Amino acid sequence: MADTPKEKAATATVDIPAEDVEKAAKLILDPGYVTKKDLPKMADLAWATALSDAVTKHFLNDDDDHDPYVYFEQFDFAGGDIDSVIFNMDVIKTRDEALHDLADALDEKIVNNDVQQTTY
């Protein structure tokens, strides 16, 4: 007899205030990224991920004037710090550049500068 599939546990929904989405969207256009220094709640991975989704939806649905390539990434730094950045790949062209911009913005030290990336 086959087992009945277990119901998936409900995941908590993270609500992102509209003013945070607007602030992040403006920063993604200039200077090209947003970090926890701009929005401290980005220190929480679930919140940062939800913000990235909300900003992407903002540009797709609510902003006819801009169409940035929004990208979310986490990087490891010296001392075990892991920080998130949401960036505009039309402004910041590579993950390596995003790593350095995030390190500079948060005054973090890069442990290993070998970012694995293939550009096609």
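Here the structure is a predicted model, which means the values were calculated and not measured.
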Locate the shortest heavy-atom distance separating [X] from [Y]; write the atom from each residue and the value.
X   : Y   : answer
P68 : L29 : CG-CD2, 4.3 Å
V21 : A54 : CG2-CB, 3.7 Å
K41 : P17 : NZ-CG, 4.5 Å

Do [X] and [Y] come within less than 4.5 Å of each other through their side chains, counting heavy atoms only?
X    : Y    : result
V70  : N88  : no
D81  : D76  : no
I28  : F59  : yes
L45  : Q74  : yes
D20  : W47  : yes
K37  : M42  : no
I110 : F77  : yes
L102 : E108 : no

Is there a path of hydrophobic side-chain contacts, each under 4.5 Å between heavy atoms of I, L, V, M, F, W or Y residues, that connects [X] with [Y]?
X   : Y    : value
I92 : Y69  : yes
F75 : V91  : yes
F87 : L106 : yes
M89 : V55  : no
L27 : L39  : yes

Hey, could you give me the [atom1]/[atom2] distance between [X] and [Y], rounded to the nearest 0.5 Å?
X   : Y   : atom1 : atom2 : answer
H58 : K26 : NE2   : NZ    : 9.0 Å
T94 : L99 : OG1   : CG    : 9.0 Å
T49 : I86 : OG1   : CD1   : 8.0 Å
H66 : D90 : NE2   : CG    : 11.0 Å

Got a donor-acceptor contact below 3.5 angstrom from the S52 side chain to the A48 backbone?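 No.
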Give a yes or no answer on whether the side chain of D38 reaches the backbone of T35 with a donor-acceptor pair at less than 3.5 Å.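 Present.
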For atom CG of N61, decide whether the heavy atoms of other residues, nucleotides or ligands shown that lie under 6.0 angstrom number more than 12.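 Yes, because the 6.0 Å sphere around CG of N61 holds more than 12 heavy atoms from other groups.
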Does D104 CG have over 12 foreign heavy atoms under 6.0 Å away?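 More than 12 heavy atoms, drawn from other residues, nucleotides or ligands, come within 6.0 Å of this atom.
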